[in-house]
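This report refers to the structure that appears directly beneath it.
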There are 2 protein chains.
Amino acid sequence: MTRYNSRSPARAPAPTFSPLYRQIKDFLIRSLESGEWGPGDAIPSEGELAQRFNVSQGTVRKAIDEMAAENMLVRRQGKGTFVATHDDPRSFYRFLRLVPDDGRTAQAVSEPFSCESIPAAPDVAAALELPAGSLVLLVKRLLRFNGEVVVFDQIYLVPELFDGLTLDRLRGGERSLYSLFESDFGVRMIRAEERLRAVGADEESAARLGVAVGEALLLVERTAYTYGNRPVEWRRGLYCTHHHYYRNELG
Amino acid sequence: MTRYNSRSPARAPAPTFSPLYRQIKDFLIRSLESGEWGPGDAIPSEGELAQRFNVSQGTVRKAIDEMAAENMLVRRQGKGTFVATHDDPRSFYRFLRLVPDDGRTAQAVSEPFSCESIPAAPDVAAALELPAGSLVLLVKRLLRFNGEVVVFDQIYLVPELFDGLTLDRLRGGERSLYSLFESDFGVRMIRAEERLRAVGADEESAARLGVAVGEALLLVERTAYTYGNRPVEWRRGLYCTHHHYYRNELG
DNA sequence: GAGTGGTCTAGACCACCAC
DNA sequence: TGGTGGTCTAGACCACTCG
């Protein structure tokens, strides 16, 4: 492994210098990407990785620390370090920030009702970094909290990665979509960006959510990324915020 | 300094065990709280702190690392470690997540127009952890992006900490309120929680923001905390999201 | 008891910054 | 040139988990 302070001979093409722990982190990310370890699996112990890379344990540690801070790995003292997964009660709807007004921990239930292949609108194609007019998968679904419909989602997916996705396969009840994407298609959502606006309900949304046309809804547009900052999903969600709110922490 | 693994004699009252670096972190936080170092000041170097606490530099390092991750301190290689401040172009409106649709980096300008002392409504008192009916300061202001009014804020402040606050002192143009709170009142905002909803504009908001009554607005309720998770501000903001959106990152 | 992550040390050297 | 944070090492011991 290239040492942090190694220098190339004069006049060699400019190399990229990066600290050892960064190189190790990159290597681990590539391993995750290639599926070497699946979601929920334990990765090798710090000591073993240190040996394998011929570095000290502290260096491996720093690489893993960063990945844990970015939610790619999960440390468990005494047991090992594990690949993060959405298929786990602790992180079922990890990216869903909607919370009921009364602090009750509501179980969200997904009700997909449509799944089709359509040409991407310009904004969707742009968000997914696809050529204009490419085909994308569109999934529509409702989300219920304690029986009450609160979210109407239109979810656009990069088709290559979700080959064979049908409405039937989406019906799984209480697992989150991302959990299903992970186990059935090997697509792991690592991070996402959301853009929020307030809008008046159009006819379809009003009907789906059981509110009046024109009523204020929270519009949440999300781009979700897998390893390497590759966008693989874009969704437009309409949230009814009568009895729920979107919770955010500022640091 | 108590060692991590020190044990009390049997039958002694249960002590609180915590790692050395945690104890050092707590000590540093208390020092910040007491004003030992002001916003923007440099704290002592890692080496000096290590000597002072009789620990190794790595231990001090871990304490500072965590505080930097929580935005209480800022590291600058070659220069030192500094107390975080809102009075800095890099973090003027650190907690404001509103972004113009066209990526232009708009300068936000604050226009306070009212400042009075009133009895706190129950929800405000609860958020600020004050007895019901306590007096609080209420500041009303508009926020402009490139001249356009986009936010109408009603800001409730714990009165003890903001003694002598007047409308005149609030007019400062382009600095953020938190920058002013920090320099003029010694109150430093460390973190905040926001609750977002979509609502229809009432008459006052509609007039202030120049939209129709009933139009969809983004309601942002924020509780802001200083050291020790003490709530010191609660605000209700109404955002017009015609040409701006609220940006959020999910990890 | 064996294996894992968590804490801590002492010391080395590097990269950056200011004077 | 001297001081600061940033990287890296080798090794010790602790805390947790599980068989």
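Note that the structure is a prediction, hence the values are computed from the model and not measured. In what follows, every chain begins at residue 1, and chains take the letters A, B, ... in the order their sequences are listed.
With a 6.0 Å cutoff to the six-membered ring centre and a 45° limit on the axis angle, B:Arg188 does not count as a cation-pi contact of B:Phe181. B:Arg235 forms no cation-pi arrangement with B:Tyr156, by the criterion of a distance under 6.0 Å to the ring centre and an angle within 45° of the ring axis. B:Arg191 forms a cation-pi arrangement with B:Tyr225, by the criterion of a distance under 6.0 Å to the ring centre and an angle within 45° of the ring axis.
Taking only side-chain nitrogens and oxygens, B:Arg76 never comes nearer than 4.0 Å to OP1 or OP2 of D:dG5. In this model, the phosphate group of D:dT9 is approached by a side-chain N or O of A:Thr59 to a distance below 4.0 Å at OP1 or OP2. Residue B:Ser56 places none of its side-chain N or O atoms closer than 4.0 Å to OP1 or OP2 of C:dA10.
When each of A:Arg22 and A:Gln77 is assigned the nucleotide of DNA chain D bearing its nearest heavy atom, the one mapping closer to the 5' terminus is A:Arg22.
Across the protein-nucleic acid pair, B:Lys62 atom NZ and D:dG6 atom P stand 16 Å apart, rounded to whole Å. Atom CG of A:Leu20 and atom C1' of D:dA10 are 15 Å apart (whole Å). Across the protein-nucleic acid pair, A:Phe53 atom CZ and D:dA10 atom P stand 16 Å apart, rounded to whole Å. When the P atom of C:dT9 is taken as reference, atom CG of B:Asn54 falls 9 Å away, rounded to whole Å. Protein atom CD1 of B:Ile43 is 12 Å distant from nucleotide atom P of D:dT4, rounded to whole Å. Rounded to an integer number of Å, the gap from NZ of A:Lys79 to P of D:dA15 is 20 Å. B:Leu73 places its CG atom 13 Å from the C1' atom of D:dG5, with the value rounded to the nearest Å. In this structure, CD of A:Gln57 is placed 14 Å from P of C:dG3, rounded to the nearest angstrom.
Helical stems in DNA chain C, defined as runs of 3 or more consecutive Watson-Crick or G-U wobble pairs with both donor-acceptor distances under 3.5 Å, are listed by first residue as C:1-18 with D:1-18.
Note on A:Arg236 versus A:Asp153: no salt bridge recorded, every NZ/NE/NH1/NH2 to OD/OE distance being 4.0 Å or above. With salt bridges taken as basic N to acidic carboxylate O contacts below 4.0 Å, none links A:Arg141 and A:Glu111. Taking 4.0 Å as the cut-off between side-chain N and carboxylate O, B:Lys62 and B:Glu66 do not count as a salt-bridged pair. Here B:Asp26 does not pair with B:Arg30 in a salt bridge; the nearest charged N to carboxylate O distance is not below 4.0 Å.
The residue A:Arg61 sits close to a base: some heavy atom pair falls under 4.0 Å. Heavy atoms of A:Glu46 sit under 4.0 angstrom from primed sugar atoms or phosphate atoms, though from no base atom.
Among the nucleotides C:dT7, D:dG5, C:dT9, the one closest to any side-chain atom of B:Pro19 is C:dT7.
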